[in-house]
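To keep things clear, I will list the structure first and then write my remarks on it.
Chain letters run A, B, ... following the sequence lines, proteins first, then strands; residues in each count from 1. Being a predicted model, the structure only gives us computed values, none of them experimental.
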Protein chains: 2
Amino acid sequence: MPQHSCDEVIIEVTENLKNYLIEKGYRKTPERFTILKEIYEYREHFDVDTFYTHLKNKKIHISKATLYNTLDILVEAGLVVKHQFGDSCAQYEPSYRLRKHSHAICIKCKKIFEFSSEELQKIIHKFEEENDFEVTNHTFVLYGICRDCKMKM
Amino acid sequence: MPQHSCDEVIIEVTENLKNYLIEKGYRKTPERFTILKEIYEYREHFDVDTFYTHLKNKKIHISKATLYNTLDILVEAGLVVKHQFGDSCAQYEPSYRLRKHSHAICIKCKKIFEFSSEELQKIIHKFEEENDFEVTNHTFVLYGICRDCKMKM
DNA sequence: ATACATGCAAACTGTTTGCACGAAG
DNA sequence: CTTCGTGCAAACAGTTTGCATGTAT
């Protein structure tokens, strides 16, 4: 993908975060902006441990406590989505201006696949209207056996 | 709901479990059948700790280790579904012959709502066919604010 | 100058593991 | 009688918390 568009997104989300922090009266610390930038450059799913190591490799020293704290804020701000897939630890991913998608996880090889579906949005809207429930986020995960693992059986 | 139909379901799932254990060469221990029966009488979502206490109150003594072990088997056997909602601990629920449903969780009051959607099945089938992926289970969770909490704001 | 955020380590919590005993096959 | 399952406690892993230090406001 072009580096250009990636930079643009980072500028936008940085601005969004700044506004969110001001609105909430939180402080604009360098760590918070660094973490946001790194997440949007990384662009993939990650768990806290993996990301912590990733930062360490780039000589960026931020403690795990701060990482957890900041991720909570980014989720609140709607800039990051948190998923709790079956296997132990939470997974995060950037969400701003990125294609909304769902996940399918192979229970054999643990690989995560992504797919999107417009019909899903319709289901969500229907539920919102019928139940007077305001959906802010959702997780749709399919568990099963992928093509490769099916062939190995 | 009529006690009658509940008993019928318990008889069926007990038979299913027996067959599954034989097929896999696992032992038919009383604990395994007791846990299955209690889950199908309970009929609601539960986490391990809550269920452990529930059993203790009924003077049924089964250790947590056995509970975890047995739940894994029941999930394998397709008699119980495991959900990993955002908040820490895993939730389980009986699945045999019970209406397939999805969940909506209020992020304020943490209440869990259930709803079902036939369209969801279509989406799942479409994904299976397009990707040669065999779906064995799925989780669809909406997070947001329920009617009651909206009114309190 | 005054909190609030960070970093570190210790605490916590849900789950897994190791081992001795007991029961299913 | 052999092996697997259970119960218990200890271990583990991801996350949270408490406190001293540092820094945004």
Side-chain angles (χ1 to χ4, degrees), chain A residues 14 17-38 45-56 58-77 80-93 110, chain B residues 14 17-38 45-56 58-77 80-93 110:
Chain A
T14 301
L17 177 58
K18 203 163 87 184
N19 293 337
Y20 183 77
L21 294 175
I22 290 169
E23 180 198 320
K24 286 283 183 174
Y26 297 158
R27 291 189 180 168
K28 297 189 285 294
T29 69
E31 287 84 357
R32 289 172 177 174
F33 290 102
T34 303
I35 291 168
L36 181 69
K37 177 168 166 288
E38 290 299 323
H45 300 269
F46 60 88
D47 59 69
V48 171
D49 225 71
T50 305
F51 198 68
Y52 178 74
T53 308
H54 169 75
L55 292 180
K56 212 155 71 177
K58 294 188 72 175
K59 311 287 184 219
I60 297 169
H61 183 78
I62 293 176
S63 74
K64 278 195 191 167
T66 300
L67 211 40
Y68 277 108
N69 170 39
T70 303
L71 283 167
D72 282 348
I73 292 175
L74 297 179
V75 169
E76 273 174 49
V80 165
V81 176
K82 179 180 181 175
H83 297 286
Q84 200 82 37
F85 300 144
D87 23 9
S88 57
C89 64
Q91 301 261 346
Y92 296 85
E93 61 180 353
K110 310 292 178 194
Chain B
T14 300
L17 177 59
K18 203 164 87 185
N19 293 336
Y20 182 78
L21 295 175
I22 291 168
E23 180 198 322
K24 288 282 184 176
Y26 297 158
R27 290 187 181 169
K28 299 189 284 296
T29 69
E31 287 85 356
R32 290 172 176 172
F33 290 102
T34 302
I35 291 167
L36 181 70
K37 176 168 166 288
E38 290 298 323
H45 300 269
F46 61 87
D47 59 67
V48 171
D49 226 70
T50 305
F51 198 68
Y52 178 75
T53 307
H54 169 76
L55 292 180
K56 211 155 72 177
K58 293 186 74 174
K59 310 286 183 220
I60 297 170
H61 183 77
I62 293 177
S63 73
K64 279 195 190 169
T66 299
L67 210 41
Y68 277 107
N69 170 39
T70 302
L71 282 166
D72 283 347
I73 292 174
L74 297 179
V75 170
E76 274 175 49
V80 166
V81 175
K82 177 179 180 175
H83 297 285
Q84 200 81 37
F85 301 144
D87 25 7
S88 58
C89 65
Q91 300 261 347
Y92 297 84
E93 61 180 354
K110 311 292 178 195

Using heavy atoms to find the nearest nucleotide of DNA chain D for B:I62 and B:R27 separately, return the residue whose nucleotide is more 5′.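 It is B:R27 whose nearest nucleotide is closer to the 5' end.
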What is the separation between atom [atom1] on [X] and atom [atom2] on [N], rounded to the nearest whole Å?
X: A:D49; N: D:dC12; atom1: CG; atom2: C1'; answer: 13 Å
X: A:I73; N: C:dC4; atom1: CD1; atom2: P; answer: 13 Å
X: A:L71; N: D:dT15; atom1: CG; atom2: P; answer: 10 Å
X: B:Y92; N: C:dT15; atom1: OH; atom2: C1'; answer: 9 Å
X: B:Y52; N: C:dT13; atom1: OH; atom2: C1'; answer: 16 Å
X: B:K24; N: C:dG25; atom1: NZ; atom2: C1'; answer: 19 Å
X: B:E31; N: C:dA23; atom1: CD; atom2: P; answer: 10 Å
X: B:D72; N: D:dC4; atom1: CG; atom2: C1'; answer: 16 Å

Describe the nucleic acid contact of B:K28 in one word from base, sugar-phosphate, nothing, applying a heavy-atom distance below 4.0 Å.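 Sugar-phosphate contact only.
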Answer with base, sugar-phosphate or nothing: what part of the nucleic acid does A:N69 contact at a heavy-atom distance below 4.0 Å?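 Here A:N69 touches the backbone only, sparing every base.
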Return the nearest nucleotide to the side chain of [X]; candidates are [options].
X: A:T29; options: C:dT6, D:dT16, C:dG14; value: C:dT6
X: A:A65; options: D:dG7, D:dA24, C:dG7; value: C:dG7
X: A:P30; options: D:dT15, C:dT16, D:dA24; value: D:dA24
X: B:C89; options: C:dG7, C:dT15, D:dT6; value: C:dT15

It should be established whether [X] places a side-chain nitrogen or oxygen under 4.0 Å from OP1 or OP2 of nucleotide [N].
X: A:R32; N: D:dA24; answer: no
X: A:Y68; N: D:dT16; answer: no
X: A:S63; N: C:dC8; answer: no

So A:H45 and A:H83, would you call those rings parallel, tilted or perpendicular, with 30° and 60° as cut-offs?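 Geometry flag for A:H83 against A:H45: tilted rings.
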Taking A:F51 as the fixed residue, which of A:Y92, A:Y68, A:F46 is the one that meets the ring-ring contact (aromatic ring centres under 6.0 Å, His included) rule?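 Only one option passes, and that is A:F46.
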Got more than 12 heavy atoms from elsewhere within 6.0 Å of NZ, B:K18?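 Check fails, neighbour count at 12 or below.
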Counting only heavy atoms from other residues, nucleotides and ligands, does the tally under 6.0 Å from NZ of A:K58 exceed 12?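 Counting neighbours around NZ of A:K58, more than 12 heavy atoms of other residues, nucleotides or ligands fall under 6.0 Å, so yes.
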Within this structure, what is the NZ-CD1 distance for the pair B:K28 and B:I22, rounded to the nearest 0.5 Å?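 Reported to 0.5 Å precision, the distance equals 4.0 Å.
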